[in-house]
> 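I am attaching a structure below and will ask some questions about it afterwards.
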Amino acid sequence: MKLQQTMVEMFPLNSADAAYTKISGMLSTLGDPFTRIISPKEYQGFRIGSDGNLQGVGLFINVEPRTGHLVVLSCIENSPAARAGIHQGDELVEINGERLNGIDSEGAAKRLRGNAGTTVTVKVKDSSTNSYIREVKLPREYIKLSPISSAIIPHRSSEGQVIKTGYVKLSTFSQSAADDMRNAIQEMKNQGVHSYILDLRNNPGGLVKAGLDVAQMWLDGDETLVNTIDRDGNMSPINMIDGHAITHDPLVVIVNEGSASASEILAGALHDNGRAILVGNKTFGKGKIQSVTQLHDGSALFVTVAKYVSPALHDIDQVGITPDVQCTTEMLNSPKELSTKDKASISSLEADSCIMVAEHELDMKDSKGTVS
């Protein structure tokens, strides 16, 4: 308390922004860019990302660069907005009677969010007619943001048999990531998938525990998932306890320079334990574990408390993970033979060179007699 009083007397500040700037300056002397303070607004965004839940109407919106208008990017399935018939490309004109001229997407999103059980009235211009404006009263509800998207990629073998590859993209490690991943794997397994591609590209991380939980879905036994090193240099392994993988089918993990933190923990765990081949580009290289403390004004302090190395003791921090195979199509033979229906359903995925390379690696494992 005496130290606090002294600091208040020495550094009288007139605004929260000035306080954050002063604290940021003090933290910068530690030489760690990830030890930082963030404002209440930034922390709210972080919480939404890590919790995987918000109270709102289920709209993703953005400003259209050419017109400056607020348009709908997408609606979350079965959300109030989706049930009201709002579609991608529709323009938001008013929220609760307030015109949105000059309002950015964050400002509009803040107006749409609110306590579950309340309502918000919006005026929407229909994208199909570009003139019809209707007013809709939307109830606010608890909205679950799933970090998982998945698809089944079918192709035909040389014998004419349809082979199914399960594709799962994990965008962040939120609290729901592990449950959503488990459900996606189980659903694809039930549909007869023979192999899997896990896409961690541009996944910046999130909750380390979620990354460890996902790793255990692919591994058996008491394998080491990651090693932590404290500030005194003491290393402690984090091991599974009697793990049982959901599937033992072949797995390829795709990473890039946007894969960081918990993404690198997961990729390292699966690679170093011989479970997966890594395809893509070298990862970001953030091997730090942090504690997060919310302050009384809603801001938050992030402090680095340890670093981690992979199960094979490869240092990740400021180094990154180099994949086994780069994203290049030079080694590929002629594209797989697909039916017209197959081509239509997976055209966007098949156009991705990294996914093509991942499928090639899975084919190579299958031809070598890998158990699946």
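All values derive from a computational prediction rather than experimental measurement.
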> Where do D180 and P147 come nearest, in terms of heavy atoms and distance?
OD2-CD, 3.2 Å

> Testing D352, V193, I153 one by one against Y167 for a side chain to side chain contact (heavy atoms under 4.5 Å, CB included), which residue passes?
I153

> When you compare the side chain of R182 with that of I246, does any pair of heavy atoms fall below 4.5 Å?
yes

> By the definition salt bridge (charged side-chain N to carboxylate O under 4.0 Å, His left out), identify the one residue from D317, D315, D230 that meets it with K307.
D315

> Which pairs with one or both residues in residues 83-108 pass ring pair (Phe, Tyr, Trp, His ring centres under 6.0 Å), sequence neighbours excluded?
none

> Taking all non-hydrogen atoms of both residues into account, name the closest pair between P311 and N273 and its distance.
CG-ND2, 4.1 Å

> Run T224 and N239 through side-chain hydrogen bond (donor to acceptor under 3.5 Å, both in side chains) and show every step you take.
CA-CA 4 Å; T224 296; N239 297 332; 2.6 Å; yes

> Will you find, in the side chains of T172 and S174, an N or O donor that is under 3.5 Å from an N or O acceptor?
no

> Enter the distance from L266:CG to S261:OG here, rounded to the nearest 0.5 Å.
11.5 Å

> Are the charged groups of E141 and R83 less than 4.0 angstrom apart, N to O?
yes

> Given the rule that I, L, V, M, F, W and Y join up when any side-chain heavy atoms are under 4.5 Å apart, are F34 and Y308 in one cluster?
no

> Report the residue from C354, S259, P323 that forms a side chain to side chain contact (heavy atoms under 4.5 Å, CB included) with I254.
C354

> So, for L198 and M181, which heavy atoms are closest and what is the spacing to 0.1 Å?
CD1-CE, 3.5 Å

> Please tell me whether L251 and I152 are part of a single hydrophobic cluster in this structure, the criterion being side-chain heavy atoms less than 4.5 Å apart.
yes

> For R275 versus L219, what's the shortest heavy-atom pair and its separation?
CB-CD2, 3.6 Å

> Could you state whether I289 and I238 fall into the same hydrophobic cluster, counting links through intermediate Ile, Leu, Val, Met, Phe, Trp or Tyr residues with side-chain heavy atoms under 4.5 angstrom apart?
yes

> Got a second to check how far R140's CZ is from T119's OG1, nearest 0.5 Å?
7.0 Å

> Do L362 and I163 belong together in a cluster built from hydrophobic side chains that touch within less than 4.5 Å?
no

> Tell me, please, which residues at least two apart from R99 pass side chain to side chain contact (heavy atoms under 4.5 Å, CB included).
V93, E94, N101

> Ignoring hydrogens and angles, state whether a donor on the side chain of D297 or Y20 is under 3.5 Å from an acceptor on the partner side chain.
yes

> In the single-linkage hydrophobic clustering (I, L, V, M, F, W, Y; side-chain heavy atoms under 4.5 Å), do V309 and L270 co-cluster?
no

> Check the pair Q55 / Y142 against side chain to side chain contact (heavy atoms under 4.5 Å, CB included), numbers first and verdict last.
CA-CA 5 Å; Q55 297 178 63; Y142 286 97; 3.5 Å; yes

